[in-house]
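Reminder, nothing fancy here: chain letters follow the sequence lines and each chain counts from 1. The figures here come from the full heavy-atom set of this structure, side chains too, leaving out hydrogens, waters and symmetry mates.
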Amino acid sequence: MEKKLYSINAIYHTPNDIIRAAKAVRDAGYTKFDVHTPYPVHGLDGAMGLKETKLGFVTLAAGILGAVGMISFASWVAVVDYPQVIGGKPYWSWPAFVPVTYEIAVLLAVLGTVGAMIAFFFKFPNTSHPLHDTPYMKKVSSDKFGVTIQAEDPQFDEKKVRDLLKTTGGEVEEVHYTEEFLTFKPNTFEPKFLLLLAGIALATSAGGYLYFNKVLYLPPFDWMVEQPRFDVQSTTDLFDDGLTMRLPVEGTIARGFMPYPYTLGAKADSVGKLLVNPVVKTAASLDLGKRKYLTYCSPCHGNFGSGDSRMNGQFPNPPTLHSDKVRTWPDGAIFHTITVGQNVMPGYQYQLSREERWAVVNYIRTLQRAYNAKESDLQ
Amino acid sequence: MSALDNVIIPKKELPANVVRLGWILTLAGLALAVLSYMTDANRAAFNNVIGFTFLASIAVGAVFFIALEYIAGAVWTTPFRRVLEFLGMLLIPTLLMAIPLFFKLHDVYHWTHADAVATDKILQAKAPYLNEMSFMTRFVIFMVLWLAFYFIFRQNSLKQDGNKDQKLTKKNIALAAAFIPVLAISISLFSIDWLMSLEPHWFSTMFGVYYFTGTILTALAVTTYFVVSLSQKGYFFKGINENHYYSFGALMFGLLSFWAYIAFSQFMLIWYANLPEENFWYIERWQHGWEYVSIAITLIHFWIPYFMLVSRPSKMNPANLKRMAALLVFAHFLDLYWLVMPTYNNAPVFGYHELAFPVLCIGLIIVFFALQAKRFNLVPVGDPKLQRGIDFHL
């Protein structure tokens with residue numbers, strides 16, 4: 001295979017030498033040359049006469065894109081797609097978006113910079129370079145400093161270049177390459193490579209699985225996992241029936257607890273006739289009812305009970321509470337519905353105490369009255 | 001050393017007109033302050049707090065940077081360290097400026113009123129910390145610590161000019177290691193005592209950092225201003241280059257971003273949680289005209305200098321650096337005005353009362369600098385890192 005001269009290089013031992021050499025090469029008028037050092041050497045860019053890189057503009061553009069993109073996205077989510085009142089603040093509470101906007105701006109700026117560097121400067125996917133795998137590269141990536149002047153430089157003349165590099169005190173050497181080396185493309189689908197990939201995938205997932213599911217719970221890391229108590233819904237040999245959960249002693253109820261005699265099967269209107277509303281409509285009790293209503297009922301039935309919540313249009317539709325049906329229902333029927341639920345609406349006897357449920361009933365009555373105000377109410 | 005002798009410029013006395021300006025400002029500021037105390041002593045006292053904490057910022061910030069240079073082994077600041085060493089001397093006028101305040105504590109600090117504390121559960125709970133005795137004790141301790149560290153740093157550095165003894169650098173490094181934690185605690189408590197306690201019901205765990213950031217940023221800005229304008233007039237050494245300028249610009253840029261980060265974090269946490277015990281402090285600063293001051297601070301303390309310093313060439317441009325340094329010094333003053341004055345009045349006020357202390361402070365900075373520049377070298381000629389600092393390359 002025909003070998004071509006790629007460049008003539010020189011090796012130096014100190015950072016000062018390399019700065020001097022870079023200056024000399026640049027002053028001699030060469031344009032196609034490069035410098036390699038094992039670590040960043042301050043002042044080299046100046047000595048080589050490098051112009052300021054344009055990469056900063058990519059960083060800026062990517063950063064702005066990230067900032068604008070993120071603030072728009074956050075605004076869209078918070079205002080258009082899923083408006084939620086959080087902490088009593090307006091939908092568009094921009095200070096809350098600042099941290100995430102800042103982070104995305106930095107993230108995109110970094111990714112953009114690295115991406116642009118790989119795409120434009122490293123000319124990806126080109127992976128070959130004549131200097132790769134040369135003794136020169138080995139030296140300058142461990143403890144030496146090197147200059148290379150490329151043969152394609154318009155001023156290139158072997159003898160002159162050698163002389164110049166010698167006068168700067170470097171050890172001169174040459175690098176040759178073959179066309180083949182440059183156009184070499186590694187075969188991505190080589191079976192060995194694929195097998196390696198598969199092996200890595202298997203090993204990482206198996207390792208991850210074992211670590212997170214087994215190792216993490218091995219002694220002594222199981223301090224909190226194993227506790228000397230009975231978990232609910234598990235078995236034990238302490239009791240005859242082998243269950244950890246116990247039923248209350250027959251014929252007893254908990255202190256302060258009023259059992260509710262009707263079940264889901266009972267009809268609301270017939271039960272309603274049997275129950276009497278014990279709660280007087282005071283301002284305090286209506287206020288309690290309002291707060292409980294807004295917490296537990298408004299997400300489905302709407303803030304004023306007219307069925308206009310975000311759930312409107314879902315199946316099944318949470319109905320309005322201003323229907324003739326509910327308005328003519330006895331208080332007890334609403335109480336029964338809240339207590340045991342109705343079809344997909346869950347019961348609330350565990351979240352709301354008896355008094356609170358009646359307070360909610362009274363509050364609903366107030367809402368109904370407000371929606372269907374009589375002439376006399378206005379006077 | 002002969003190589004050094006060629007580059008270092010022996011010139012050190014400030015131009016006569018600058019010194020004159022310094023004296024004029026000092027005397028004018030002093031006269032205004034006295035007048036202000038005579039006509040409206042309360043208002044004067046609040047302004048005094050601003051002036052006092054402002055001067056403390058520069059003095060303590062300068063000592064911090066001296067310590068930072070030693071502990072970080074920085075070389076690029078070495079040729080300019082004298083500027084910091086001169087600025088640290090402002091601890092003396094800082095101390096003096098606190099004296100009138102001790103006679104006015106009752107008018108400025110609500111928690112000093114025994115009858116107010118007696119009916120106030122919150123103040124009672126804070127009383128073990130917030131009482132006049134421990135307030136003054138802390139002040140004395142902080143001042144003694146700061147002055148002691150400052151004078152030892154300075155003494156070692158000045159001694160080195162003569163005997164070029166490298167051991168002195170080692171000593172200062174050890175001293176710096178001791179000083180940094182001392183400073184972290186003292187400056188936080190100092191800001192809590194003098195600034196946060198103006199609103200004794202309010203609290204923010206970020207307040208100490210907030211004041212500290214402003215402090216070091218201001219000290220850096222004043223230093224930058226001196227370095228740039230003096231080296232433009234041919235002081236320090238031959239061959240101050242864009243690498244030096246860039247470092248000042250980059251550090252200023254970094255610190256002002258840090259300030260914005262802290263300021264915003266403090267605001268956002270309080271705004272988001274929206275608890276009445278914290279949020280009133282910001283609400284006070286968002287009504288009756290204070291909102292304009294608040295916005296102005298975000299602009300001149302962050303947005304404007306941020307964009308004016310973001311690019312690389314702008315950090316190397318001496319004229320730009322000077323402008324931004326001046327702007328940031330003003331920004332810190334405005335920041336302190338914004339921290340202090342809402343307690344005095346629910347709307348911003350501006351008059352000769354407010355002018356007295358900034359004028360006095362600027363005058364003092366110039367005068368103290370000039371007086372020392374006359375007596376001591378402007379460059380620490382005996383420092384072993386000096387040559388590297390002069391040759392500094394990014």
Side-chain angles (χ1 to χ4, degrees), chain A residues 14-20 22-23 35 37 39-64 66-68 70-71 74 78 84-106 109 113 145, chain B residues 74-76 206 239 241-247 249-250 253-254 256-279 282-283 285-286 291 294-295 298 302-303 306-317 387-394:
Chain A
T14 70
N16 279 348
D17 289 343
I18 191 72
I19 290 194
R20 223 172 304 123
K23 236 185 223 144
V35 173
T37 60
Y39 58 84
V41 173
H42 290 313
L44 246 187
D45 49 345
M48 292 170 69
L50 291 185
K51 285 204 204 71
E52 208 177 308
T53 168
K54 298 254 176 335
L55 201 55
F57 289 102
V58 179
T59 314
L60 181 72
I64 290 178
V68 172
M70 190 58 223
I71 201 133
Q84 291 267 345
V85 176
I86 298 170
K89 297 188 164 57
Y91 292 138
W92 198 65
S93 288
W94 64 267
F97 308 153
V98 170
V100 66
T101 301
Y102 171 76
E103 276 154 22
I104 298 294
V106 172
T113 311
F145 306 82
Chain B
V75 290
W76 68 270
M206 284 180 113
N241 59 36
E242 35 185 46
N243 296 294
H244 296 110
Y245 286 139
Y246 180 85
S247 306
F253 181 75
L256 75 91
S257 305
F258 183 58
W259 176 87
Y261 167 67
I262 295 296
F264 181 75
S265 302
Q266 173 172 287
F267 164 73
M268 196 189 78
L269 293 178
I270 290 176
W271 166 82
Y272 212 114
N274 207 9
L275 301 175
E277 63 201 27
E278 307 173 326
N279 65 11
Y282 277 104
I283 293 172
R285 282 159 182 75
W286 200 252
E291 59 270 38
S294 305
I295 293 172
T298 64
F302 176 64
W303 289 111
Y306 179 89
F307 282 105
M308 294 299 284
L309 283 172
V310 70
S311 81
R312 194 168 126 115
S314 68
K315 294 189 189 87
M316 297 174 169
N317 175 351
Q387 181 72 63
R388 280 202 289 153
I390 288 175
D391 294 342
F392 175 72
H393 247 289
L394 279 171

Worksheet item: Take atom CD in Glu242(B); do more than 12 heavy atoms of anything else shown fall under 6.0 Å from it?
Response: no
Got a sec, which residues hit ring-ring contact (aromatic ring centres under 6.0 Å, His included) with [X], two or more places apart in sequence or on another chain?
{"X": "Tyr102(A)", "answer": "none"}
{"X": "Phe302(B)", "answer": "Tyr306(B)"}
{"X": "Tyr91(A)", "answer": "none"}

Fill in: Portion of Tyr261(B) that has a non-hydrogen atom of chain A nearer than 4.5 angstrom
neither
Worksheet item: Which atoms of Leu60(A) come close to chain B, meaning under 4.5 Å heavy atom to heavy atom: side chain ones, backbone ones, both, or neither?
Response: neither
Worksheet item: Counting a contact as any heavy-atom pair under 4.5 Å apart, which residues of residues 268-276 of chain B contact chain A?
Response: Met268(B), Trp271(B), Tyr272(B), Asn274(B)
